[in-house]
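Right, one structure below, let's go through it.
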There are 2 protein chains.
Amino acid sequence: MHNNQFRKGELYSFITGMASTAIARRLQKKLNQAGLNITIEQWSVLYHLWKKHGLSQQELCNATFRDKPSITRLVDNLEKQNLVKRVPSQSDRRINLIYLTKHGQKLEEQTMRLADQTLTEALKTVPASKIEMCKEVLQVVYDNLT
Amino acid sequence: MHNNQFRKGELYSFITGMASTAIARRLQKKLNQAGLNITIEQWSVLYHLWKKHGLSQQELCNATFRDKPSITRLVDNLEKQNLVKRVPSQSDRRINLIYLTKHGQKLEEQTMRLADQTLTEALKTVPASKIEMCKEVLQVVYDNLT
DNA sequence: TTTGATTAGTTGTATAAACAACTATATGCA
DNA sequence: TGCATATAGTTGTTTATACAACTAATCAAA
């Protein structure tokens, strides 16, 4: 009852993800201003490749929470920009392993700095304890729905 | 320093909005399963029209945090589905006022119920106090970036 | 070993978002 | 009044997402 009413009030911003949309737009603007010709979505793929080279497309699907066609096309575009390369797996010919090119590797430091700046701007004025709690809630939400 | 390290760890899920994406997908699935042929984005426009009839496209831009071309096309699609109607303003011929059709009005109750269900599923196991704090943080983030 | 099911990836189609360039109308100031 | 400027909305282009249907390769069980 009380809970229900509470939720109705919160509905809109939770569902539309206004905060994360604002964060993504701010980061995209920073990337553009830095003359880096990549999208947030491409960045999110590179993010996982910086952590571990040679992921398959399916692994990128799982890591980025996208479906297979989305990853196919993101990898297409990353390849066009010469940031990654598809390498057929030796052991399983169905699989493409995705490797960063030198150009793709070089983007890590600069873009991570811009992402860090973006979060600093977004979370300034928010105490660390609240950020931690918020992050926990978002994780629970994700787990509840997946 | 400590703060910086904290943020780096949180980076990815904050920027990609994994929680809100999961919420939106769950609601979309419910809409589809109910045989309602509308997208989340269309729903977010209808949401504001249910609260106040006869908004201009510009007002819908502000309310939904979208740019003008996005609203033009969302209204195009809503009109195609006979859910809203563009009505030229009498006092200012640049302006279209957007009104719900009867069909559009009828969707309110059912879709709000589905949205409410979605949030209940997403936030079950999360105490109300944490939800409140999380909502505050997301609002601050939004305000910090807008 | 053959065949049926599963897995990895691609292609087609529809909707949406961001950005730039555009038209039409309104406003405000000289 | 007239012209510069601002505002409301549209159109074109690129990128991304979701879903369905598809191909190719692998696996597993009879």
Side-chain angles (χ1 to χ4, degrees), chain A residues 16-18 20-33 36-46 54-81 83-84 86-98, chain B residues 16-18 20-22 24-33 36-45 54-81 83-84 86-98:
Chain A
T16 58
M18 285 167 60
S20 62
T21 304
I23 290 173
R25 283 179 184 160
R26 175 64 62 94
L27 176 53
Q28 184 68 67
K29 191 167 290 178
K30 284 181 189 293
L31 292 170
N32 295 342
Q33 284 168 351
L36 301 175
N37 197 25
I38 62 170
T39 65
I40 300 293
E41 294 82 4
Q42 291 169 5
W43 177 86
S44 79
V45 171
L46 295 175
L55 293 173
S56 71
Q57 294 188 200
Q58 183 58 55
E59 288 171 320
L60 286 172
C61 291
N62 301 336
T64 65
F65 192 38
R66 290 181 170 85
D67 70 358
K68 290 190 291 180
S70 296
I71 290 297
T72 292
R73 276 133 182 168
L74 279 172
V75 173
D76 285 349
N77 285 333
L78 287 166
E79 254 190 339
K80 271 185 212 155
Q81 294 180 254
L83 295 171
V84 306
R86 281 180 170 94
V87 177
S89 165
Q90 295 294 332
S91 59
D92 185 338
R93 285 186 298 162
R94 293 171 301 180
I95 294 178
N96 291 330
L97 300 175
I98 312 301
Chain B
T16 58
M18 285 167 60
S20 61
T21 304
R25 284 180 183 159
R26 176 64 62 95
L27 176 53
Q28 184 68 67
K29 192 166 289 180
K30 284 182 190 293
L31 292 169
N32 295 342
Q33 283 168 351
L36 300 175
N37 197 25
I38 61 171
T39 65
I40 301 293
E41 294 82 4
Q42 291 169 6
W43 177 87
S44 78
V45 170
L55 293 173
S56 71
Q57 294 188 200
Q58 183 59 54
E59 288 171 321
L60 286 172
C61 291
N62 301 336
T64 64
F65 192 40
R66 289 182 170 86
D67 70 358
K68 290 191 290 182
S70 296
I71 290 296
T72 292
R73 276 134 183 169
L74 279 172
V75 173
D76 286 349
N77 285 333
L78 286 166
E79 255 191 336
K80 271 185 212 157
Q81 294 181 254
L83 296 171
V84 306
R86 281 179 170 96
V87 178
S89 164
Q90 295 294 331
S91 59
D92 185 338
R93 285 188 297 162
R94 294 171 302 180
I95 294 178
N96 291 331
L97 299 176
I98 312 301

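Just so it is clear, the values below take in all heavy atoms, side chains as well, and ignore hydrogens, waters and symmetry mates. A, B, ... follow the sequence lines: proteins, then strands. Residue 1 opens every chain.
- Rounding to the nearest 0.5 angstrom, the gap separating the CD atom in A:Q28 from the CD1 atom in A:I40 is 4.5 Å.
- Within the 4.5 Å cutoff, the side chain of A:R86 has heavy atoms near those of the A:D76 side chain.
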Below 3.5 Å between N/O atoms, which protein atoms pair up with nucleotides 24-29 of chain D? Just atom names and distances, please.
| unit_1 | atom_1 | unit_2 | atom_2 | d |
| --- | --- | --- | --- | --- |
| D:dT26 | OP1 | A:R93 | N | 2.9 |

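- Side-chain N/O atoms of A:T64 and A:S44 include no donor and acceptor closer than 3.5 Å.
- Considering CH2 of B:W43 and CG of B:L78, their distance stands at 13.0 Å, rounded to 0.5 Å.
- Side-chain N/O atoms of B:S70 and B:D67 include a donor and acceptor closer than 3.5 Å.
- Residues passing the side-chain contact (heavy atoms from CB on, under 4.5 Å) test with B:Q81, sequence neighbours excluded: B:N37, B:I38, B:Q42, B:L83.
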Footprint string (nucleotides 13-19 of chain D, 5' to 3'): B base within contact, S backbone only, - free, heavy atoms under 4.0 Å: B-SSSBB
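- Scanning DNA chain C 5' to 3' for nucleotides with an atom closer than 4.0 angstrom to a non-hydrogen atom of chain B gives a first and last hit of C:dT15 to C:dA26.
- Shown here are the side-chain contact (heavy atoms from CB on, under 4.5 Å) partners of A:E41, two or more places apart in sequence or in another chain: A:T39, A:R66, A:L74.
- No side-chain heavy atom of A:L55 sits under 4.5 Å from any side-chain heavy atom of A:L97.
- Checking side-chain atoms of B:E79 against main-chain N and O of B:V84 turns up no donor-acceptor pair under 3.5 Å.
- Scanning for side-chain contact (heavy atoms from CB on, under 4.5 Å) contacts around A:R25 gives A:T21, B:F65, with sequence neighbours left out.
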